[in-house]
There are 2 protein chains.
Amino acid sequence: MEVTKKSEYAISALVELGLHPDEYISSKEIARRQNIPPNFLPQIIATLGSRGWVEGVRGPGGGVKLLTPPERITVREVVELIEGPVAITRCLMREGGCSQLGRCPLHSIWAQAQEALLKVLGDTTLRNVVDSHNALHRQANAELAYPRAR
Amino acid sequence: MEVTKKSEYAISALVELGLHPDEYISSKEIARRQNIPPNFLPQIIATLGSRGWVEGVRGPGGGVKLLTPPERITVREVVELIEGPVAITRCLMREGGCSQLGRCPLHSIWAQAQEALLKVLGDTTLRNVVDSHNALHRQANAELAYPRAR
DNA sequence: AAAGTTTATAATGAATATATAATGAAAATA
DNA sequence: TATTTTCATTATATATTCATTATAAACTTT
């Protein structure tokens, strides 16, 4: 229905792949680096593969590789792929979700709120996430090298 | 964790009360009119009462009444009262929600998205919802009286 | 052929959401 | 005072979803 861990894992996996372009990484290794349950990740990767974003090669030396440039994938797209159509309330879901068949007075408010949410996610590309991941790491490494006084 | 039916029921109940100012309506009657599970509503009303928005009077002729003007209650407040602090992802929840202790690159994106969502809900008062409820009803009634040709 | 790996599906346990039921307490009326 | 009506509170049951593990199958390389 909305943003579950599964989506976070998917994004984390894509980020890891984005950090190492054109490299095949086994799902087990991705799971280790990104702290994702190793048995859970394969299903997620399969979904990403069905969308054409990643390619998996089986067998020894195989692994997963990013096919699509990170700037062409938005967080919104990932979430919607993993969760299915996002709906912050039952009211916005298919069929009998809305008690009054789309005429309930809350309908438009939920829709507006959801659109605001999705807009933020849609304006954020995987590239942005990869970059801020890098920034965080640089910062952490600098801190290690030159710790500030406390 | 986020917007469940419970919140919708709460808002619906408040709307019903807002439609009939200064009138005591039994929870059973509210449930009937707004299509809310009748046994579920009392718990919800109790929560609304603890916040001081409604008053319940027991005994024959008793019922529930709105104490606070609808323009002074926002949808956001209702949702947060019913659901507790809203968090669209585990990452934004208390304590160990974020896998990387608040430093994960997704953190700020979730936060932005959530803030966008909450802003819409915070900008909508119960008055707005009551009004659009009225508008919908007027429209439906006009349609009944003077049906358009099809 | 053997080992490692992805892909796909199924099964399970845990948590949460939803709802019902039971009980208790207060107020009004007869 | 007894009875009815109603809110308030708590306990219980059910259903759904989430998260994970487990299993099986297909594929690739060595």
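Model, not experiment: these values are computed from the prediction. In what follows, chains are A, B, ... by sequence order, proteins preceding strands, each numbered from 1.
Taking the nucleotide of DNA chain D with the nearest heavy atom to each of A:P38 and A:V57, the more 5' of the two is matched to A:P38. Comparing A:E55 and A:G59, the nucleotide of DNA chain C nearest to each residue sits closer to the 5' end for A:G59. Where B:G56 and A:K6 each meet DNA chain D at their nearest nucleotide, the meeting point lying more 5' is that of B:G56.
Surrounding CZ of B:R51 are more than 12 heavy atoms belonging to other residues, nucleotides or ligands, all under 6.0 Å away. Annotation for A:K28: atom NZ does not count as buried by contact number, only 12 or fewer foreign heavy atoms lying within 6.0 Å.
For A:I25 and C:dT5, the CD1 to C1' distance is 15 Å, given to the nearest whole Å. In this entry the distance linking CD1 of A:I45 with C1' of C:dT9 reads 17 Å, nearest Å. The CD1 atom of A:I44 sits 12 Å away from the P atom of D:dT21 (whole-angstrom rounding). Taking atom CZ on B:F40 and atom C1' on C:dT20, their separation rounds to 10 Å, with Å as the unit. When rounded to the nearest whole Å, the span between CD1 of A:I88 and C1' of C:dA17 equals 17 Å. Nucleotide C:dT16 holds its P atom 13 Å from the CD atom of B:E83, rounded to whole Å. What separates NZ of A:K28 from P of D:dT21 is a distance of 13 Å, to the nearest Å. We find that CD1 of A:I82 is positioned 18 Å from P of D:dT17, with the value rounded to whole Å.
Looking only at distances, a side-chain donor or acceptor of B:E83 sits under 3.5 Å from a matching main-chain atom of B:T4. The backbone N or O of B:R127 sits nowhere less than 3.5 Å from a side-chain atom of B:E71 that would complete a donor-acceptor pair.
Distances shorter than 4.0 Å separate none of the side-chain N or O atoms of B:Y24 from OP1 or OP2 on D:dC7. Remark: B:S26 is not in phosphate contact with D:dT5, judged by side-chain N or O atoms under 4.0 Å from OP1 or OP2.
Which of D:dT9, C:dT7, C:dA27 sits closest to the side chain of B:P60 comes down to C:dA27. Looking at the side chain of B:T4, the nearest of the listed nucleotides C:dT7, C:dT18, D:dA8 is C:dT18. Of the candidates D:dT20, C:dT20, C:dT7, the closest approach to any side-chain atom of A:K5 belongs to D:dT20. Distance from the side chain of A:N39 is smallest for D:dT21 among the nucleotides C:dA8, D:dT21, C:dT6.
Scanning atom types as modelled, one donor and one acceptor separated by under 3.5 angstrom connect the side chain of A:Q43 and the base of D:dT21. In terms of polar N and O atoms assigned as donor or acceptor, the side chain of A:R58 comes within less than 3.5 Å of the base of C:dT6 in a complementary pairing.
Ionic pairing of A:R32 and A:E29 is present here: one or more N-O contacts between side-chain nitrogen and carboxylate oxygen are shorter than 4.0 angstrom.
Residue B:A113 comes nearest to A:L121 through the heavy atom pair CB-CD2, 3.9 Å, listed as atom of the first residue, atom of the second, then distance.
At the heavy-atom level, B:G63 lies under 4.0 Å from the strands shown only through sugar-phosphate atoms. Heavy atoms of B:P37 sit under 4.0 angstrom from primed sugar atoms or phosphate atoms, though from no base atom.
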